[in-house]
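The next block holds one structure in the form of structure tokens; read it before the comments.
Since we're looking at a predicted model, the values are computed, not measured.
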Amino acid sequence: MNQLLTYSVYGTAILVMMIGIYAMLTKKNLIKIVIGMSILDSGFNLLLIALGYIKGGTAPIFSPAVEGKDVIMVDPIPQALVLTAIVIGFGVTAVALSLVIRLYRKHNTIKIDEIKTLRW
Amino acid sequence: MVANPILYIALPLFTAFLVPLLAKLWKPLVRIVPGLVLAYLAIMSIVLMQQVGPDKPIITMIAGWKAPWGINLVFTSFSGFIASLISILAFFIWLYSFKFKKVEFDDAQKYFILFMLLTAGSIGVVLTGDIFNMFVFVEITSLSAYALTAFYKGRDGAEAAFKFLLIGAFSSIMLLLGISILYAYTGTLNMAQLAMLMPQVPMKAKVVSFLLFFVALGIEAEMFPLNGWAPDAYSQAPGPIAASFAGILAKAGIYALIRVSYTIFDLGNDGGFDLLLVMGLITMVVSELVAMRQENLRRMLAYSSMGQMGLIMIAFGLGTKEGIYAGLFIMFNHAVIKSLLFLASAYLVYYTSRKKISDLDGFGKLLPVTSLLFGLGAFAIVGLPPFSGFWSKLSLLVATADSHMEFVLATILAVSVIEIIYYFRVLGRLYFRKANKEIKVRKPTWNSTVSMIVLAIVIIGVGLHPDFITGLLHNAAADLADKAGYIQKIIPDLFSQTLN
């Protein structure tokens with residue numbers, strides 16, 4: 001049962017990432033592509049948090065309540081990484097949306113197949 | 001003089017956030033202060049390069065935490081060489097661009113903020129000893145690169161930047177996945193400790209995370225087929241930024257790729273280097289063939305830049321000491337020569353709306369200095385003596401011959417011919433065609449002329465007397481090849497424990 005639960009957490013995270021990738025690859029609307037990018041980020045963050053979870057662990061903070069006692073803590077590093085990844089994802093999304101605004105002003109559309117001045 | 005590797009990252013970051021305040025004080029400060037900071041970093045590089053030696057790297061602990069726990073900056077002969085190259089080049093790109101005429105004050109302010117962030121991020125990628133910290137710096141670099149690509153509102157910059165951003169977002173997720181797989185198996189993020197614990201990681205996990213790293217960093221290093229962003233970004237970004245993409249951004253990307261595949265994974269005997277070699281070969285052949293049919297000058301230079309990155313990958317993919325030496329030599333040459341070409345081309349196509357090569361008829365008479373410098377760069381990049389490009393190409397050919405890879409050697413020579421064809425086509429237009437009467441040209445300002453001439457002097461100087469830098473390159477190559485030394489210098493305690 002526990003095994004199933006663990007796998008279902010990883011599976012959910014990977015499913016969320018897949019949804020994000022699907023949106024990025026198939027959607028024609030620029031805003032939807034940015035949303036897909038955001039979903040992909042969230043899925044990854046979920047995966048990383050799940051990797052760092054230890055069964056029955058508490059928050060990794062040293063306080064008088066846990067000092068000297070035999071307490072299991074979850075791994076703090078993935079949480080720190082996810083915090084950083086969230087901030088970076090936020091920055092990338094903001095830049096992406098501002099580029100969408102710029103593209104809309106220039107081409108008067110947010111359909112990706114109507115914007116193709118540049119080619120390979 | 002305070003010389004500490006931490007300043008490479010702290011000073012440009014601090015300046016970037018100081019620029020809006022400086023603008024309130026006195027407007028010209030916005031242009032001058034970044035230059036002073038970059039000049040300081042350039043001088044500091046020279047000082048630090050003299051202090052650093054094969055057995056005495058400069059290692060800085062951040063916030064006083066020792067190596068496997070805290071983040072550290074590692075300035076060795078190899079990483080220091082690349083960091084110095086980036087900081088000195090950044091200074092000359094600033095010198096080229098500090099007098100903006102066409103651009104309004106607000107935009108100029110943004111330009112300097114983003115340029116400082118790009119420099120700080122790239123040097124951070126090179127110096128950091130922590131894999132997650134490297135990811136953060138890669139993101140700083142790419143974010144500022146997206147914004148700089150979309151700098152001119154009139155061009156199609158936003159479109160190029162959006163493409164770049166989508167590819168970059170994929171790359172950052174892959175990089176993070178690779179990092180988290182490594183973390184799950186080793187429980188550390190320090191690059192030296194990762195390298196030490198790598199033997200206990202199962203082969204499958206190793207291969208998967210190596211491929212994730214390879215693809216993610218290959219995007220930054222302009223590896224085919226992940227380099228779709230490059231021609232658009234190079235052609236839409238401002239001229240000096242295109243130069244810094246070639247000289248700064250791509251150099252940081254290839255450094256990270258090399259560091260990861262040599263030091264951390266060390267998959268040389270299991271096909272890791274062969275992968276690098278084959279991808280480099282494909283990148284080179286495809287890019288140079290596409291470059292030949294480009295009509296836009298900047299796009300042609302961008303494809304040529306990718307071709308050079310392919311050459312660098314081939315050199316490092318050989319896996320021998322001569323190969324590393326040749327790769328570093330090409331990195332140096334590509335940074336200097338391609339920057340010169342991009343800087344000169346920015347003036348050549350200044351008023352032509354479509355930036356086409358066919359618009360350049362007879363510019364040799366209209367813009368004598370710029371055309372001469374462009375011609376010099378073109379001669380150097382195709383590898384004609386007595387320019388510096390000749391020596392790097394020669395050392396690569398010798399290295400491939402030593403590894404008995406005749407096919408690779410023949411391909412490099414064949415591709416060099418293609419390179420000569422398309423560069424000389426431009427030179428033929430510049431010098432052997434009659435100029436259109438009504439054409440308007442833009443004379444370069446004194447500061448950009450000085451900056452281009454200094455780069456040209458470096459090219460000729462190294463070409464006539466390669467001993468100027470061969471010593472540095474040999475040290476750097478030896479440093480990269482010495483993986484055990486890298487681990488020992490950063491985490492001596494843990495290293496000696498495993499030996500006992």
Item to check | Greatest number of heavy atom pairs closer than 4.5 Å to chain A - which of B/Ser142, B/Ala150, B/Gly168, B/Ala147 | outcome: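 Of the options given, most contacts go to B/Ala150.
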Find the one option among [options] whose heavy-atom pairs under 4.5 Å with chain B are most numerous.
options                            : answer
A/Leu103, A/Ile112, A/Thr84        : A/Leu103
A/Val100, A/Val87, A/Ile77         : A/Ile77
A/Leu47, A/Leu81, A/Asp41, A/Ile33 : A/Leu81

Next on the checklist: Does the plane of the ring in B/Trp229 sit parallel, tilted or perpendicular to the ring in B/Phe245? Use 30° and 60° as the thresholds.
Outcome noted: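 It falls in the perpendicular class, over 60°.
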Part of [X] within contact of chain B (heavy atom distance under 4.5 Å):
X       : answer
A/Leu99 : both
A/Leu30 : both
A/Leu40 : both

Select one option (side chain, backbone, both, neither) describing which atoms of [X] are under 4.5 Å from chain A's heavy atoms.
X        : value
B/Leu189 : side chain
B/Leu176 : both
B/Phe162 : both

Checklist entry - Just checking, any donor-acceptor pair under 3.5 angstrom between side chains of B/Tyr422 and B/Glu288? => result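 Note: B/Tyr422 and B/Glu288 side chains meet the donor-acceptor criterion.
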Item to check | B/Tyr303 versus B/Glu222, side-chain donor and acceptor atoms under 3.5 Å | outcome: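 Side chains of B/Glu222 and B/Tyr303: no pair found under 3.5 Å.
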Next on the checklist: A side-chain contact here means heavy atoms from C-beta on lying under 4.5 Å apart; do A/Ile21 and B/Phe170 qualify?
Outcome noted: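 With C-beta onward as the side chain, the pair touches.
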Item to check | B/Ala169 backbone acceptor or donor facing B/Ser172 side chain under 3.5 Å | outcome: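 Between the backbone of B/Ala169 and the side chain of B/Ser172 there is a qualifying donor-acceptor contact (under 3.5 Å).
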Checklist entry - Out of B/Phe115, B/Tyr111, B/Tyr146, which residue meets the ring-ring contact (aromatic ring centres under 6.0 Å, His included) rule with B/Phe151? => result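 The single option meeting the ring-ring contact (aromatic ring centres under 6.0 Å, His included) with B/Phe151 is B/Tyr111.
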Checklist entry - Is A/Tyr10 atom OH crowded by more than 12 heavy atoms from other residues, nucleotides or ligands, each under 6.0 Å away? => result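 More than 12 within 6.0 Å, yes.
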